[in-house]
There are 2 protein chains.
Amino acid sequence: MIRNAANGLSGPSEPRDSARRPVRPALSRDFIIKTALEMVDTRGIGQLSMRKLGAELGVDPMAIYYYLPNKQALFDGLVEAVYAEIQIDVDGEASDSWRSTLVAFARQLRTVLGRHPDMLPMVATRPVFSPAVLGFGERAVVQLGAVGFTGQQALQLVNCLRTFTVGHAFAELSEPVGAPAPSQDEVAAVIAERYPKLADAIAGGYQPDVEYEAGLQAMLDGFELLRPPAGEAGPGS
Amino acid sequence: MIRNAANGLSGPSEPRDSARRPVRPALSRDFIIKTALEMVDTRGIGQLSMRKLGAELGVDPMAIYYYLPNKQALFDGLVEAVYAEIQIDVDGEASDSWRSTLVAFARQLRTVLGRHPDMLPMVATRPVFSPAVLGFGERAVVQLGAVGFTGQQALQLVNCLRTFTVGHAFAELSEPVGAPAPSQDEVAAVIAERYPKLADAIAGGYQPDVEYEAGLQAMLDGFELLRPPAGEAGPGS
DNA sequence: ACCTGAACACCGTTCAAGT
DNA sequence: ACCTGAACACCGTTCAAGT
């Protein structure tokens, strides 16, 4: 029995880079997108060009165009790749209540966005069309319907959670699209001078996680008020 | 008596373009930004370049650099100009309740964003630093404090409304950052086939205004639950 | 003070060509 | 089938120069 760790785990017939010439894996749509996403995450969206991506891949920039028709298609692939990171265990026992299902989705989305801050403008801009999100939508409509929400309400709730999460991620993560903004200290000084009560409130410190959770729970609480007292338990009063 | 309509209404000593040579107003930071914003709104952000802006202004592209150090500064000016459109009548009678104050702010922000959809990535990306928004924050903290919210809660509420509004505007308005997305029909077909319950819910039609209002009120309702029963009116069970 | 124009180091993409 | 390389029409920005 072979007991070393690498016994075929990386795929059945994947060639090692021992005998073959190329140090890089064979070019493919997936590998190009994976490499591009790494570039975006490490160097920033501004440093992603077809030419630099080609260089990173060790290939003529035009080789990319064999797999992707243009830069926009590359962007689509990147967004797709980000959404694909959302893993909602569709049959998980954890989400037996509609509320925990929605909370899990929202937090997961936020976590994934947090891994790719420079992707935010692209993600926010492209209509949601990913199986991960659509599949979740299907499930949410069913589960929310079972406790008394209408289809419209269910959709609205999911959409509001999604848009809130994206909006909050922007506020939290996004570097200004081009260059850095005025320093925190400068801003703080102006606020302290002109907006004293606001300054007091800010003095508590900005806690994005706490704020996000507050908004998330508030949104859920607010929608819950809309729900008719369903379930077979009698609608007394 | 001179009765024609144009009797000086356009400003005290503004030169007509009769005797003077330039057809355009004198170049200035404000005029450059105003022109750029019009280009963004009518032709799209992708069509805004320093060179095209120069052409639009009837001027060598490099002339712009006398007023703005670089394109990033132009972007800053554009975001500033958008925020400046937010007009909250700070002493309006309409906003005697904290809730109507917040609703007015959120709806106004949404309206302004709706006028400049292509500005969304820039707006969402830049930290809020505008007098309109900061001034509103100050007021909100005071007014919310008066009814029992802590400074932290007030800030969180304002921030959550703002981020929700921005996120929702993205979902509603944004053209994909580069090129158009797959057509509505294509998407609908796929959804109908694979996500039947979701399709039923969508069949009701997407009503962004209704959805936004639902989310807005839900967020407010949810935060209201956090508020201790303040006001001098007795806290009887 | 305000604007011009050439020049530099980049882009995305087309197209013909190589293997 | 897969990749290369020259070429085209763009960019933002620097820098020296004009008035």
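Letters A, B, ... mirror the listed sequences (proteins, then strands); counts begin at 1.
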Please tabulate the protein-to-nucleotide N/O contacts below 3.5 Å involving nucleotides 5-8 of chain C, giving atom names and distances.
residue, atom, partner, partner atom, Å
C:dG5, N7, B:Asp60, OD2, 3.4

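Checked against C:dT4, C:dC2, D:dC3, the side chain of A:Leu27 finds its nearest nucleotide in D:dC3.
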Starting from the C-alpha separation in whole Å, work towards a yes-or-no answer on side-chain contact (heavy atoms from CB on, under 4.5 Å) for B:Leu48 and B:Arg43.
CA-CA 8 Å; B:Leu48 177 68; B:Arg43 287 180 237 176; over 6 Å; no

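Each of B:Leu48 and A:Ala63 has a nearest nucleotide on DNA chain D; the 5'-most of these lies closest to A:Ala63.
Checking the phosphate oxygens (OP1, OP2) of C:dC3, no side-chain nitrogen or oxygen of B:Tyr66 falls inside 4.0 Å. For C:dC11, one of the phosphate oxygens OP1 or OP2 lies less than 4.0 angstrom from a side-chain nitrogen or oxygen of A:Lys52. Close to C:dC3, at under 4.0 Å from its OP1 or OP2, lies a side-chain N or O of B:Tyr67.
Taking the six-membered ring for Trp, A:Phe170 and B:Phe170 have ring centres closer than 6.0 Å.
Atom CZ of B:Arg115 is surrounded by more than 12 heavy atoms from other residues, nucleotides or ligands within 6.0 Å.
The partner of D:dC10, taking Watson-Crick or G-U wobble pairs whose two distances both stay under 3.5 Å, does not exist in any strand shown. D:dC15 is paired with C:dG5 under the criterion used here, namely a Watson-Crick or G-U wobble arrangement in which both key atom distances are under 3.5 Å.
Evaluation of the ring pair (Phe, Tyr, Trp, His ring centres under 6.0 Å) test over residues 192-212 of chain B, restricted to residues two or more places apart or in two chains, returns B:Phe164-B:Tyr212, B:His168-B:Tyr212.
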